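The structure displayed is predicted, hence computed values, not measured ones. Note that the numbering runs from 1 along the sequence shown for the chain.
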Amino acid sequence: MQVIKLDAHQLQRLAPQPPLVLALGFFDGVHQGHQRVIQTARRIAEQRGLPLAVMTFNRHASQLFQPHTKFRYLNTVTQKIQHMADLQVQRLYITDFNNQFAKLSPVAFIKDYLVTLNAQVVVAGFDYTFGQGGTHGMHELAQLGTPYFETVTVDRLANQQLKVSSTRIRGLIAQGQLASANDLLGYPYETQATLKPLTRAIMLANTRQQVPAAGDYRCWLVGANYRQSVVVRITNTLQIISPYQLPPLADDLTVNIQWQNRVAQVDSTTTVHQQRSQL
């Protein structure tokens, strides 16, 4: 998959792009609703023999206009790139959502970005918005884009009569309902972290990622050459409180934590003593 970073300056230097099918969205979490949009675009691309491309953004709009709000992401950019590769996206355009981009008129967005990228078909969810202030939706995109490309709107994906959305998933994670969140994501929620093996402390790599509520959670601890089940306790800090096999090195380790579900509070006194007695 080719990853291309875009802004107004990069657009001017961009080599001519091949005709392609382009899916639009911020895609935070790349949840099952997002996957449906991208899979729809992929089917169209395969039918027409065109590359599948996705255009997303490097930050949420709220972080440009209200940078001090407590907005939390579901994915880092690196994780989002991996999810796109898993969905067989061939070109991923990551657009810098800056002040200049935010001020684009709807027509300028279409001409400067979608036409420049040579989109033949543009696919997005029913609630996609664009233009300054996000005042235009899919109806306007279809009208304004008619001279340049076809537009396909993907209807909402519902679960228990509620829309599958990034906002809903963030709320579930914040409440500690990881099993429900994972069901909507279509995969285990994951955070990257640094593990200090001797103290069992965990430091999240990205503090802007959504963290579950305080409590004990069954997780998969995944490293370069190991994967094991642990219980992680969240208070003001994160710490492994269940027995586990330490990797050979005592140095700090980069790990991925795949969150499974909340568990009843574990008595960590005995398990920690047992673990340390084995060191």
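Residue Ala85 comes nearest to Met1 through the heavy atom pair N-SD, 3.8 Å, listed as atom of the first residue, atom of the second, then distance. Considering all non-hydrogen atoms of both residues, Leu253 and Pro197 come closest at CD1-CG, 3.9 Å. Nearest heavy-atom pair across Ala174 and Ala213 is O-CB, 3.0 Å. Considering all non-hydrogen atoms of both residues, Val37 and Ala124 come closest at CG1-CA, 4.0 Å. Here the closest heavy-atom approach between residue Phe130 and residue Pro106 is recorded as CE1-CB, 3.5 Å. For the pair Gly33 and Leu157, the tightest heavy-atom approach, listed with the atom from each and the gap, is N-CD2, 3.7 Å.
How far CG of Asp252 is from CG of Leu195: 8.0 Å, rounded to the nearest 0.5 Å. In this structure, the separation between NZ on Lys163 and OG1 on Thr167 is 7.0 Å, given to the nearest 0.5 Å. Rounded to the nearest 0.5 angstrom, Leu6 CG and Arg13 CZ are separated by 12.0 Å. Rounded to the nearest 0.5 Å, atoms CD (Gln120) and CG (Leu20) are 7.5 Å apart. In this structure, CZ on Arg59 lies 12.0 Å from CD1 on Ile94, to the nearest 0.5 angstrom. Note: Gln90 CD to Arg42 CZ = 10.0 Å, rounded to the nearest 0.5 Å.
In terms of modelled atom types and a separation under 3.5 Å, the side chain of Thr129 and the main chain of Thr135 share no donor-acceptor contact. Side chain of Asn261 to backbone of Leu178: no donor-acceptor contact under 3.5 angstrom is found. Remark: the backbone N or O of Arg233 is not paired with any side-chain donor or acceptor of Gln239 at under 3.5 angstrom. Side-chain N or O atoms of Gln17 include one that pairs as donor or acceptor with a backbone N or O of Ala15 at under 3.5 Å. A donor-acceptor pair under 3.5 Å is absent between the side-chain atoms of Arg168 and the main chain of Leu184, judged by distance alone. For the pair Gln32 (side chain) and Asp183 (backbone), a donor-acceptor distance under 3.5 Å is present. No donor-acceptor pair closer than 3.5 Å links the side chain of Gln228 to the backbone N or O of Tyr226. Remark: side-chain polar atoms of Tyr189 are paired, donor with acceptor, to backbone N or O of Gln210 under 3.5 angstrom. A donor-acceptor pair is defined here as one N or O able to donate and one able to accept, closer than 3.5 Å; such a pair exists between the side chain of Arg170 and the backbone of Arg72. Remark: side-chain polar atoms of Gln35 are paired, donor with acceptor, to backbone N or O of Val30 under 3.5 angstrom.
One hydrophobic cluster holds both Ile257 and Leu185 under the rule that ILVMFWY side chains link at heavy-atom gaps under 4.5 Å. Using a 4.5 Å cut-off between side-chain heavy atoms of Ile, Leu, Val, Met, Phe, Trp and Tyr, with links allowed through other members, Met84 and Val122 fall into different hydrophobic clusters. Linking Ile, Leu, Val, Met, Phe, Trp and Tyr whenever their side-chain heavy atoms come within less than 4.5 Å puts Ile110 and Leu14 in one cluster. In the hydrophobic cluster analysis, where Ile, Leu, Val, Met, Phe, Trp and Tyr join through side-chain heavy atoms closer than 4.5 angstrom, Phe109 is grouped apart from Val152. Under the 4.5 Å side-chain heavy-atom criterion for Ile, Leu, Val, Met, Phe, Trp and Tyr, Val121 and Tyr148 are members of distinct hydrophobic clusters.
Salt-bridge check for Asp28 with Lys80: failed, with every basic side-chain N at 4.0 Å or more from each acidic carboxylate O.
Side-chain contact between Tyr217 and Ile234: present, with at least one pair of heavy atoms (C-beta onward) separated by less than 4.5 Å. Taking 4.5 Å as the limit, some side-chain heavy atom of Leu104 sits within range of a side-chain heavy atom of Tyr113. You'll find the side chain of Tyr93 stays beyond 4.5 Å of the side chain of Thr56, heavy atoms only. Counting heavy atoms from C-beta on, the side chains of Leu204 and Leu238 come closer than 4.5 Å. In this structure the side chain of Val255 never reaches within 4.5 angstrom of the side chain of Gln192, judged on heavy atoms. Taking the side chain as every heavy atom from C-beta outward, Leu114 and Leu141 approach each other to under 4.5 Å. Side chains of Ile240 and Ile202 form a contact here, defined as non-hydrogen atoms less than 4.5 Å apart. Within the 4.5 Å cutoff, no side-chain heavy atoms of Val54 are placed close to those of Leu24.
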- Kindly indicate, with the supporting measurements, whether the criterion side-chain hydrogen bond (donor to acceptor under 3.5 Å, both in side chains) is fulfilled by Trp259 and Thr191. CA-CA 8 Å; Trp259 302 84; Thr191 54; 3.0 Å; yes
- Message: side-chain hydrogen bond (donor to acceptor under 3.5 Å, both in side chains) for Gln79 and Gln209? Distances and angles first, verdict last.
- Response: CA-CA 11 Å; Gln79 288 173 328; Gln209 240 183 312; 3.1 Å; yes
- Query: Could you go step by step and tell me if Asn256 and Gln258 meet the side-chain hydrogen bond (donor to acceptor under 3.5 Å, both in side chains) rule?
  - Reply: CA-CA 6 Å; Asn256 289 318; Gln258 295 178 351; over 6 Å; no
- Ser166 and His31: CA distance, side-chain angles, deciding distance, side chain to side chain contact (heavy atoms under 4.5 Å, CB included) verdict: CA-CA 7 Å; Ser166 300; His31 57 61; 3.5 Å; yes
- Ile44 and Val123: CA distance, side-chain angles, deciding distance, side chain to side chain contact (heavy atoms under 4.5 Å, CB included) verdict: CA-CA 9 Å; Ile44 296 170; Val123 182; 4.0 Å; yes
- Message: The test is salt bridge (Lys or Arg N to Asp or Glu O under 4.0 Å); show your working for Arg36 and Asp155 and say whether it passes.
- Response: CA-CA 9 Å; Arg36 187 178 182 186; Asp155 294 334; 5.7 Å; no
- Chi angles and distances behind the side chain to side chain contact (heavy atoms under 4.5 Å, CB included) call for Ser165, Arg156: CA-CA 9 Å; Ser165 70; Arg156 81 171 192 166; over 6 Å; no
- Message: Show, in sequence, the C-alpha distance, side-chain angles and deciding distance for Met55 and Leu117, and conclude whether the side chain to side chain contact (heavy atoms under 4.5 Å, CB included) test is met.
- Response: CA-CA 10 Å; Met55 177 179 164; Leu117 296 180; 4.2 Å; yes
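Annotation for Gln175: atom CD counts as buried by contact number, over 12 foreign heavy atoms lying within 6.0 Å.
Contacts of Arg227 classified as side-chain hydrogen bond (donor to acceptor under 3.5 Å, both in side chains), with partners at least two apart in sequence or in another chain: none. Listed by chain and number, the residues in a ring-ring contact (aromatic ring centres under 6.0 Å, His included) with His60 are Phe26, Phe71 (sequence neighbours excluded). Applying the ring-ring contact (aromatic ring centres under 6.0 Å, His included) test to Tyr187 and every residue at least two apart in sequence or in another chain returns His83.
Ring geometry, Phe57 versus Phe97: the interplanar angle exceeds 60°, so the pair is classed perpendicular (tilted spans 30 to 60°).
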